[in-house]
Amino acid sequence: MAAESPPSPPVRFGIIGCANIARKVSRAILLSPNSTIVAVGSRSLEKAAAFASDNGFPESARAYGSYDAVLEDPEVDAVYVPLPTSLHLRWAVLAARKRKHLLLEKPVALNVGELDEILAECESSGVQYMDATMWMHHPRTAEMKAFLSDSQRFGQLKAVHSIFSYNSGPHFLKNDVRVKPDLDALGALGDTGWYCIRAILWAADYTLPKTVTALSSAEFNEAGVNLSCGASLIFHDGRIATFYCSFLSNLTMEISVLGENGYLRVHDFVIPFQENVGAFYACANTKFAELSIGIEPAPIEHLVRSDVPQEALMVEEFSSLVRKVKENGSEEIEKFWAVISRKTQLVVDAVKASIEKGFQPVEVVY
């Protein structure tokens with residue numbers, strides 16, 4: 001009997017930057033069965049070392065006082081980049097040139113032109129790309145998609161609405177990088193709006209809308225950074241979608257999807273209320289009850305359990321893709337993630353352009 005092949009070694013991550021979100025993804029890398037952390041870099045060696053210690057990195061993990069040092073480390077297979085969006089182009093391109101597979105925090109770029117440069121370098125260097133939109137990897141997402149794809153229970157998609165908002169108070173609005181024009185100039189549109197737009201595209205099987213029109217209620221800080229906005233999206237076949245994103249409203253994470261035969265709603269699509277279970281509500285072929293004193297059948301609550309958090313499932317999926325490329329070559333690169341990143345960014349750009357044009361419709365062209 002032939003001996004079993006030894007298990008593949010874990011994908012070795014370097015982390016570029018010590019942003020707060022990097023704490024969550026570091027935990028995910030260590031929870032994932034096919035990844036580990038070997039390096040972290042900051043502009044300060046002391047900060048990098050403290051970050052490694054505070055977040056339970058392996059003792060062998062190296063702390064560096066620069067981002068370049070992480071990219072020069074020959075033991076780093078892949079990098080996670082949680083830097084401010086204005087720094088993504090430089091460091092993502094450099095990472096790809098150094099043949100480091102790229103897990104890039106969203107928003108992935110300030111505009112689609114920057115993203116195209118990043119993706120072109122990933123392709124020419126033969127590295128796997130993925131954006132860090134975590135909810136895409138929760139098993140609930142696949143179950144919801146199965147419902148939306150059921151012609152009997154849901155039917156043709158008619159409309160989508162999404163909201164992602166939170167209100168973190170005056171200190172956030174004055175000091176956070178997400179409200180600084182030189183760091184994250186897209187503001188709420190890039191941060192919370194990215195999720196809303198991805199949710200709409202996900203529900204629409206990644207078909208791009210024909211036009212995007214920003215709503216005239218957009219709000220900005222004194223530096224001109226967007227703090228809240230909304231938009232309507234019109235598709236070629238008549239489907240419609242709307243979204244609202246904000247740094248000024250209570251925490252809300254909703255998707256509502258309406259079909260000719262069914263309806264789906266989820267209240268916590270970005271981050272599940274409970275880490276180990278995600279709920280959604282669905283109803284099919286609903287009618288008013290006798291005398292219109294209720295509806296039947298009643299909506300059904302679906303509970304989808306997960307043994308590990310969605311961010312760890314994201315890392316596990318990314319690491320599996322990286323392993324395929326390392327073992328079989330660049331022809332194994334999965335391009336799906338680059339395509340949907342680019343489509344999401346195109347709609348972000350269109351909303352921004354509509355705002356700048358006085359809330360006029362903007363055509364979306366791939």
Side-chain angles (χ1 to χ4, degrees), residues 133 135-165 192-215 229-245 252-270 272-273 277-304 336 339-340 342-344 346-348 350-351 354 361-366:
T133 308
W135 73 270
M136 300 289 299
H137 303 269
H138 197 290
R140 170 176 65 178
T141 304
E143 289 205 20
M144 292 192 297
K145 192 62 178 177
F147 175 75
L148 299 184
S149 301
D150 189 317
S151 61
Q152 298 300 312
R153 293 189 298 160
F154 186 77
Q156 183 181 0
L157 175 66
K158 294 295 186 179
V160 188
H161 181 59
S162 182
I163 302 173
F164 182 22
S165 65
T192 57
W194 175 276
Y195 290 93
C196 297
I197 291 166
R198 174 62 61 81
I200 291 168
L201 295 177
W202 166 80
D205 290 329
Y206 302 104
T207 301
L208 283 170
K210 179 181 179 181
T211 61
V212 169
T213 307
L215 306 180
C229 67
S232 62
L233 289 65
I234 306 298
F235 292 79
H236 289 274
D237 61 0
R239 290 177 293 178
I240 61 172
T242 55
F243 77 86
Y244 174 73
C245 62
T252 303
M253 303 176 288
E254 297 263 351
I255 307 173
S256 299
V257 191
L258 177 64
E260 60 181 340
N261 300 326
Y263 178 74
L264 178 146
R265 187 163 193 170
V266 57
H267 298 294
D268 56 353
F269 81 99
V270 178
F273 295 150
V277 63
F280 70 94
Y281 299 83
C283 53
N285 302 297
T286 311
K287 310 294 181 185
F288 287 115
E290 184 71 20
L291 301 180
S292 297
I293 58 174
I295 64 169
E296 53 187 30
I300 297 173
E301 180 183 27
H302 300 261
L303 298 177
V304 184
F336 168 77
V339 170
I340 65 170
R342 191 173 191 274
K343 288 184 175 183
T344 308
L346 278 170
V347 179
V348 170
V351 176
S354 178
V362 170
E363 186 176 1
V364 180
V365 179
Y366 190 76

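Residue numbers run from 1 in the order of the sequence given. A quick note: this is a predicted structure, and the numbers were derived from the prediction, not measured. All values below come from the heavy atoms of this structure, side chains included, with hydrogens, waters and symmetry mates left out.
Using a 3.5 Å distance cut-off with no hydrogens or angles, the side chains of Ser256 and Tyr263 do pair a donor with an acceptor.
Here the side chains of Tyr281 and Leu264 are not in contact, with every heavy-atom distance at 4.5 Å or above. Counting heavy atoms from C-beta outward, Arg265 and Phe280 have side chains that stay 4.5 Å or more apart. The shortest distance between side-chain heavy atoms of Val339 and Tyr366 falls below 4.5 Å. Side chains of Ile163 and Phe243 form no contact here, defined as non-hydrogen atoms less than 4.5 Å apart. Looking at heavy atoms from C-beta onward, Glu260 lies out of side-chain contact with Leu157 at the 4.5 angstrom threshold. Taking the side chain as every heavy atom from C-beta outward, Val348 and Ile197 approach each other to under 4.5 Å. In this structure, the side chains of Val212 and Val347 come closer than 4.5 Å at one or more pairs of heavy atoms.
The OH atom of Tyr244 sits 9.5 Å away from atom OG1 of Thr252, with the distance rounded to the nearest 0.5 Å. Note that CG of Asn285 is 6.5 Å distant from NZ of Lys287, once rounded to the nearest 0.5 Å. Expressed to the nearest 0.5 Å, how far SG of Cys196 lies from CD1 of Ile255 amounts to 8.5 Å. Annotation: the span from Ser232 atom OG to Leu215 atom CG amounts to 5.5 Å, rounded to 0.5 Å. Taking OG1 of Thr242 as the reference point, atom CG of Leu233 lies at 8.5 Å (rounded to 0.5 Å). Of the inter-residue distances, the one linking Asn261 atom CG with Lys158 atom NZ reads 9.5 Å to the nearest 0.5 angstrom.
Under the 3.5 Å distance criterion, the side-chain polar atoms of Glu296 are left unmatched by any main-chain donor or acceptor of Ala289. Under the 3.5 Å distance criterion, the side-chain polar atoms of Asp237 are matched with a main-chain donor or acceptor of Arg239. The backbone N or O of Thr213 lies less than 3.5 Å from no partner atom in the side chain of Ser354, so there is not a single donor-acceptor pair.
Heavy atoms from other residues, nucleotides or ligands lying under 6.0 Å from CD of Gln152 number 12 at most. By the neighbour-count criterion of 12 heavy atoms within 6.0 Å, atom CZ of Phe288 is sparsely surrounded, having that number or fewer from other residues, nucleotides or ligands.
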Test Phe269 against Ser162 for side-chain contact (heavy atoms from CB on, under 4.5 Å), laying out the working first.
-> CA-CA 10 Å; Phe269 81 99; Ser162 182; 3.7 Å; yes

Full working for salt bridge (charged side-chain N to carboxylate O under 4.0 Å, His left out) between Arg140 and Asp268 | CA-CA 11 Å; Arg140 170 176 65 178; Asp268 56 353; 2.5 Å; yes

Please lay out, stage by stage, how Cys245 and Ser165 fare under the test side-chain contact (heavy atoms from CB on, under 4.5 Å).
-> CA-CA 5 Å; Cys245 62; Ser165 65; over 6 Å; no

Hey, mind stepping through Phe164 and Arg198 against side-chain contact (heavy atoms from CB on, under 4.5 Å) and telling me if it holds?
-> CA-CA 11 Å; Phe164 182 22; Arg198 174 62 61 81; over 6 Å; no

Going through the distances and angles, do Met144 and Trp202 end up as a side-chain contact (heavy atoms from CB on, under 4.5 Å)?
-> CA-CA 10 Å; Met144 292 192 297; Trp202 166 80; 3.8 Å; yes

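Cation-pi geometry between Arg153 and Phe147 is not satisfied (NZ or CZ under 6.0 Å from the ring centre, within 45° of the ring normal).
Nearest heavy-atom pair across Phe154 and Leu258 is CZ-C, 3.5 Å. Annotation for Pro297 and Ala284: closest pair CG-O, 3.6 Å, computed over non-hydrogen atoms. Scanning all heavy atoms of the two residues, the minimum distance from Pro209 to Val364 falls at O-CB, 3.4 Å. Across all their heavy atoms, Ala241 and Ile200 have their closest contact at CB-CG2, 3.5 Å. Contact record, Phe235 with Ala204: CE2-CB, 4.0 Å, taken as the closest heavy-atom pair. Contact between His236 and Leu208 at its shortest, heavy atoms only, is CD2-O, 4.4 Å.
Remark: Ser151 engages no residue in a side-chain contact (heavy atoms from CB on, under 4.5 Å) (not counting sequence neighbours). Partners of His267 under the side chain to side chain donor-acceptor pair (under 3.5 Å) rule, at least two apart in sequence or in another chain, are Glu254. Judged as a side chain to side chain donor-acceptor pair (under 3.5 Å), and not counting sequence neighbours, the contacts of Thr133 are Asp131, Trp194.
Under the 4.0 Å criterion applied to side-chain N and carboxylate O atoms, Asp150 and Lys145 are not assigned as salt-bridge partners.
Separation of the Phe336 and Tyr206 ring centroids falls under the 6.0 Å cut-off.
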